[in-house]
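Values in this document were obtained by computation on a predicted structure and should not be read as measured data.
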Amino acid sequence: MTTTDVPQGVGQKGRFYLTKNIWVPQEPLEKLNLKLSDWILRNMPKLPLSGEDALKSFPVLAELKKSHAQIKADLAYLLSHHEEIPTLHEVHPRDLYVPGRAWRTFILKIYGHEITENTAAVPDTMAAINRLPGVHTALFSILAGRAEIEPHRGSAAGVVRFHYPLIVPSEPEKCWIEIGGHHFFWEEGVPLVFDDTREHWVKNQTDETRVVLIIDFNANMPFPVNLYTGLRYELGRRSAEVKAVYERAAIGVPPRNAA
């Protein structure tokens with residue numbers, strides 16, 4: 001795909017609005033944050049981790065496995081409204097772009113703000129998430145067959161990212177994620193934990209859909225790193241930018257009755 005195929009403004013860096021009228025240039029801010037992330041990485045837990053290793057280091061995440069059947073039922077209901085689920089670039093225009101509608105995201109929580117219009121559709125999933133401490137963001141990531149998410153680094157410094165696979169292709173080794181040189185493929189119910197600021201990329205080489213539940217939560221950071229990560233989080237969650245993403249993400253799929 002050529003750059004002219006990308007909708008205007010999508011994936012382009014502009015201004016990060018702290019308030020409606022106060023902003024900072026987005027690209028220099030992200031570059032500074034990634035430099036600080038490289039410093040923070042030295043204080044992060046040994047990541048990435050998969051399967052039992054992930055659960056040993058983060059035992060609280062076993063709460064999701066206990067609710068696996070209920071989360072799958074929520075997801076089945078959600079996917080019955082598949083066409084209503086937005087792509088990431090529809091919700092966050094300056095973020096990563098995957099052509100067409102191949103990568104859809106159903107956001108439940110962003111920077112600590114629960115999107116109640118969305119969580120009503122997946123009540124058992126949200127109940128399981130609410131049993132986890134320190135959750136920043138939670139969403140369903142729905143990647144169509146033959147889709148690729150280009151190599152990138154997230155900006156959530158000092159945050160641990162959790163992937164809980166719910167639907168994986170029948171040939172799982174052909175649908176994979178590479179994180180800082182570590183290669184993984186998803187298996188249903190087998191957790192993966194990593195630091196989103198490490199470069200990673202995703203490729204689905206099958207014709208089937210892959211769905212994971214993504215959760216970002218606090219990493220326990222030493223002083224003074226925790227001062228920076230705490231300040232960054234508080235500024236982000238109060239920013240006009242995050243409020244705009246919140247409003248675009250709320251699509252109001254009809255509520256589903258909890259089990």
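Listed by chain and number, the residues in a ring pair (Phe, Tyr, Trp, His ring centres under 6.0 Å) with Trp176 are His183, Trp201 (sequence neighbours excluded).
Using a 4.5 Å heavy-atom cutoff, the side chains of Thr105 and Ile214 are not in contact. Between Val212 and Trp186 the shortest side-chain heavy-atom distance falls below 4.5 Å. Put simply, the side chain of Leu64 reaches to within 4.5 Å of the side chain of Ile215, judged on heavy atoms. In this structure the side chain of Asp95 never reaches within 4.5 angstrom of the side chain of Val245, judged on heavy atoms. Under the 4.5 Å side-chain criterion, counting only non-hydrogen atoms from C-beta, Leu227 is in contact with Phe223. Taking 4.5 Å as the limit, some side-chain heavy atom of Glu188 sits within range of a side-chain heavy atom of Lys72.
Cluster annotation: Phe185 is not connected to Val168 through the hydrophobic network of ILVMFWY side chains, with a link wherever side-chain heavy atoms come within less than 4.5 Å. Neither Val190 nor Phe184 shares a network with the other; the hydrophobic side chains, linked directly or stepwise wherever heavy atoms of I, L, V, M, F, W or Y lie under 4.5 Å apart, form separate groups for each. Using a 4.5 Å cut-off between side-chain heavy atoms of Ile, Leu, Val, Met, Phe, Trp and Tyr, with links allowed through other members, Leu75 and Ile85 fall into the same hydrophobic cluster. Hydrophobic clustering (ILVMFWY, side-chain heavy atoms < 4.5 Å, transitive): Leu96 and Val202 are in one cluster.
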Does the side chain to side chain contact (heavy atoms under 4.5 Å, CB included) test come out yes or no for Phe140 and Leu166, once each step is laid out? CA-CA 9 Å; Phe140 286 100; Leu166 294 163; 3.6 Å; yes
After noting the C-alpha distance and the side-chain angles of Phe217 and Leu132, does the key distance pass the side chain to side chain contact (heavy atoms under 4.5 Å, CB included) rule? CA-CA 9 Å; Phe217 57 95; Leu132 308 180; over 6 Å; no
Trace of the side chain to side chain contact (heavy atoms under 4.5 Å, CB included) decision for Gln205 with Arg146: CA-CA 5 Å; Gln205 297 172 299; Arg146 304 298 167 185; 4.3 Å; yes
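Crowding of Lys174 atom NZ: a count of heavy atoms from other residues, nucleotides or ligands under 6.0 Å not exceeding 12.
Judged by distance alone, with hydrogens and angles left aside, the side-chain atoms of Asn118 form no donor-acceptor pair with the main-chain N or O of Val253 at under 3.5 Å. With hydrogens and angles disregarded, no donor-acceptor distance shorter than 3.5 Å links the side chain of Asp196 to the backbone of Val159. A side-chain donor-acceptor contact under 3.5 Å links Asn204 to the backbone of Ala144. The backbone N or O of His200 lies less than 3.5 Å from a partner atom in the side chain of His152, making a donor-acceptor pair. Under a 3.5 Å cut-off, the side chain of Thr87 and the backbone N or O of Glu90 do form a donor-acceptor pair. The backbone N or O of His136 lies less than 3.5 Å from no partner atom in the side chain of Asp216, so there is not a single donor-acceptor pair. No side-chain donor-acceptor contact under 3.5 Å links Arg256 to the backbone of Ala121.
Here the closest non-hydrogen pair linking Arg210 and Pro169 is CB-CD, 4.3 Å. Closest approach of Ala219 and Val160 over heavy atoms only: CB-CG2, 3.6 Å. In this structure, His89 and Val98 approach most closely via the heavy-atom pair CE1-O, 3.9 Å. Considering all non-hydrogen atoms of both residues, Val91 and Pro86 come closest at CG2-CG, 3.6 Å. Contact between His81 and Pro254 at its shortest, heavy atoms only, is CE1-CD, 3.7 Å.
With rounding to the nearest 0.5 angstrom, the NE2 atom of His82 is 6.0 Å from the OG1 atom of Thr209. The CZ atom of Arg248 sits 7.5 Å away from the NE2 atom of His92 when rounded to the nearest 0.5 Å. Going from atom CG of Leu79 over to atom CG of Asp74 covers 11.0 Å, rounded to the nearest 0.5 Å. The OG atom of Ser239 lies 11.5 Å from the CD atom of Glu234; values are rounded to the nearest 0.5 Å. Between the NE2 atom of His68 and the CG atom of Leu213 there is a distance of 11.0 Å, given to the nearest 0.5 Å. The OG1 atom of Thr125 sits 9.0 Å away from the CD atom of Gln70 when rounded to the nearest 0.5 Å.
Remark: Arg104 engages Glu83 in a salt bridge, criterion side-chain N to carboxylate O under 4.0 Å.
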For residues 106-117, tabulate all N or O donor-acceptor pairs below 3.5 Å that involve a side-chain atom, not counting sequence neighbours.
residue	atom	partner	partner atom	Å
Tyr111	OH	Arg232	NH1	3.3
His113	NE2	Arg237	O	2.7
Glu114	OE2	Thr119	OG1	2.8

Donor-acceptor contacts, no H, no angles, side chain residues 44-63, under 3.5 Å, sequence neighbours left out:
residue	atom	partner	partner atom	Å
Ser57	OG	Asp53	O	3.4
Glu63	OE1	Arg131	NE	3.1
Glu63	OE2	Lys66	NZ	3.3

